[in-house]
**Student:** 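First the structure, then my questions, so here it is.
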Number of protein chains: 2
Amino acid sequence: MKNGKRVQERLREHGLKVTPQRKVILEVISKMKNHPTAEMIMQEIAQVEPDISTATVYKTLDMFAEKGLILRIKTDRDVMRYDPFINRHHHLYLDESDEIIDYEDEELNRLLEQYFRKKNIPGMVIEDYRVEIKAKKER
Amino acid sequence: MKNGKRVQERLREHGLKVTPQRKVILEVISKMKNHPTAEMIMQEIAQVEPDISTATVYKTLDMFAEKGLILRIKTDRDVMRYDPFINRHHHLYLDESDEIIDYEDEELNRLLEQYFRKKNIPGMVIEDYRVEIKAKKER
DNA sequence: GTGGCTGCAAAGCCTTTGCAGACAT
DNA sequence: ATGTCTGCAAAGGCTTTGCAGCCAC
């Protein structure tokens, strides 16, 4: 029950009521890679607990994103995607395959952190930033 | 007819047939700021040439984006947005107001250019990159 | 001439909504 | 006890599609 517990705590820490549905949803997406769509998430859920409704999944994902448990990912074509990995990281968008790959690099993070610390954008408070990298596979 | 001519050339340069609809659409979006939605674009178009159909606008915007005349902008909530400004620049996303503001800074561009020139991502060819900055207005 | 473009209307699809009943705290 | 969450089904809204006729080249 290690996971179950962790999930429960994470919900509570983020000020969310703990319900069976939320536990399942958070547990499932936490294991998913590749920035799943709502549909992919629902498929996974169906294998654990088939009776969670579409509406609930959508509402819950929204709620999670709002509370910072997951990230909504920007796409320019696709349906919505979600990202259970909330550390600072960047995204490689592969147009050919619709993949979105996490890109982590300490050097890049440092570079940007330094840049944004000393740079001020007048009238703005910067809350977060992320590099979106358009790339294709080498062949 | 200065604009008309420029628009025509831009279409041709990008390998597109020149049609009256495309001329109007490109001319209109080239003047728009604030990363308009398809709807906003259609409203503007309606004032110049009311008989262009929705389908044509969507198809044309897609085509333009594919050929690199404009950018499709990633959003995580919103409808699709388009950006007629295709130089290297970054985006400030203001969640509170749904605004997306262009952010240009030579220093940031240099920093990233340097970084990506020396950094290799195995198996990947980097085609483009852009920083998405989440911010809010200072008050 | 002909391949590509346009317009119309309809379809498609993902996501949201409204509401009544159930549940967590 | 009560404010919140869930599930259902239906609606909503943006975008795409199919197709016939038209146009740019």
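By convention in this document, chain letters (A, B, ...) are assigned in the order of the sequence lines, proteins followed by strands, and residues within each chain are numbered from 1. Below, all heavy atoms of this structure are taken into account, side chains as well, without hydrogens, waters or symmetry copies.
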**Student:** Is A:Ile73 close to A:Tyr93 at the side-chain level, that is, under 4.5 Å between some pair of heavy atoms?
**Tutor:**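 Of all side-chain heavy-atom pairs linking A:Ile73 with A:Tyr93, at least one is under 4.5 Å.
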
**Student:** In whole Å, I'd like the distance from the NZ atom of B:Lys23 to the P atom of C:dC5.
**Tutor:**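 Rounded to the whole Å, the gap is 16 Å.
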
**Student:** Extract from the structure each pairing of a protein N or O with an N or O of nucleotides 22-24 of chain C at less than 3.5 Å, listing the distance.
**Tutor:**
{"from": "C:dA24", "atom 1": "O3'", "to": "A:Val18", "atom 2": "O", "distance (Å)": "3.3"}

**Student:** Please confirm whether the backbone N or O of B:Thr75 pairs with a side-chain atom of B:Arg81, one donor and one acceptor, at under 3.5 Å?
**Tutor:**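 Here the side-chain-to-backbone pair does not exist.
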
**Student:** Is any side-chain heavy atom of A:Tyr115 less than 4.5 Å from a side-chain heavy atom of B:Glu107?
**Tutor:**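 In short, these two side chains touch, coming nearer than 4.5 Å.
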
**Student:** Heavy atom of residues 49-58 of chain A under 4.0 Å from DNA chain D: which residues?
**Tutor:**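 Heavy-atom contacts with DNA chain D come from A:Asp51, A:Ile52, A:Ser53, A:Ala55, A:Thr56.
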
**Student:** Hey, which of these two, B:Leu16 or B:Glu39, hits DNA chain D nearer its 5' end, going by closest nucleotide?
**Tutor:**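 Result of the comparison: B:Glu39.
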
**Student:** In whole angstrom, what separates A:Lys59's NZ from C:dT17's P?
**Tutor:**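 Nearest whole value for this atom pair: 9 Å.
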
**Student:** Please tabulate, for the side chains in residues 47-54 of chain A, all donor-acceptor contacts under 3.5 angstrom to protein atoms that are two or more places apart in sequence or on a different chain.
**Tutor:**
{"from": "A:Ser53", "atom 1": "OG", "to": "A:Thr56", "atom 2": "N", "distance (Å)": "3.2"}
{"from": "A:Ser53", "atom 1": "OG", "to": "A:Thr56", "atom 2": "OG1", "distance (Å)": "3.0"}

**Student:** Check the distance between D:dT16's P and B:Met63's CE and give it to me in whole angstrom.
**Tutor:**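 Nearest whole value for this atom pair: 13 Å.
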
**Student:** Under 4.0 Å between a Lys/Arg side-chain N and an Asp/Glu carboxylate O for A:Asp83 and A:Arg72?
**Tutor:**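 No, no charged N to carboxylate O under 4.0 Å.
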
**Student:** Side chains of A:Ile100 and A:Leu92, heavy atoms from C-beta outward: is any pair under 4.5 Å?
**Tutor:**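 Result no, sub-4.5 Å side-chain heavy-atom pair not found.
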
**Student:** Given atom CE of A:Met80 and atom P of C:dT15, what is their separation to the nearest angstrom?
**Tutor:**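 It is 6 Å, rounded to the nearest whole Å.
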
**Student:** Any side-chain heavy atom of A:Ile126 within less than 4.5 Å of one from B:Lys134?
**Tutor:**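 They are not in contact (no side-chain heavy atoms under 4.5 Å apart), so the answer is no.
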
**Student:** Just how far, in rounded Å, is C1' of D:dC23 from CD of B:Gln21?
**Tutor:**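 Value for this atom pair: 9 Å.
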
**Student:** Could you give the CG-to-P distance, from A:Asp62 to C:dC14, as a whole number of Å?
**Tutor:**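 These atoms are roughly 16 Å apart.
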
**Student:** Using atom CE of A:Met42 as one end and atom P of C:dT15 as the other, report the distance to the nearest whole Å.
**Tutor:**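 Taking atom P of C:dT15 as the reference, CE of A:Met42 is at 8 Å.
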
**Student:** How many whole angstroms separate atom CZ of A:Arg81 from atom P of C:dT15?
**Tutor:**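 Going from A:Arg81 (CZ) to C:dT15 (P), I get 11 Å.
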
**Student:** Mind checking whether B:Lys119 and A:Asp105 have side chains closer than 4.5 Å, heavy atoms only?
**Tutor:**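 When only atoms from C-beta onward are counted, A:Asp105 and B:Lys119 do touch, with a gap below 4.5 Å.
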
**Student:** When you look at B:Asp102 and B:His35, which way does the side-chain hydrogen bond (donor to acceptor under 3.5 Å, both in side chains) test go after all the steps?
**Tutor:** CA-CA 9 Å; B:Asp102 284 333; B:His35 313 86; 2.7 Å; yes

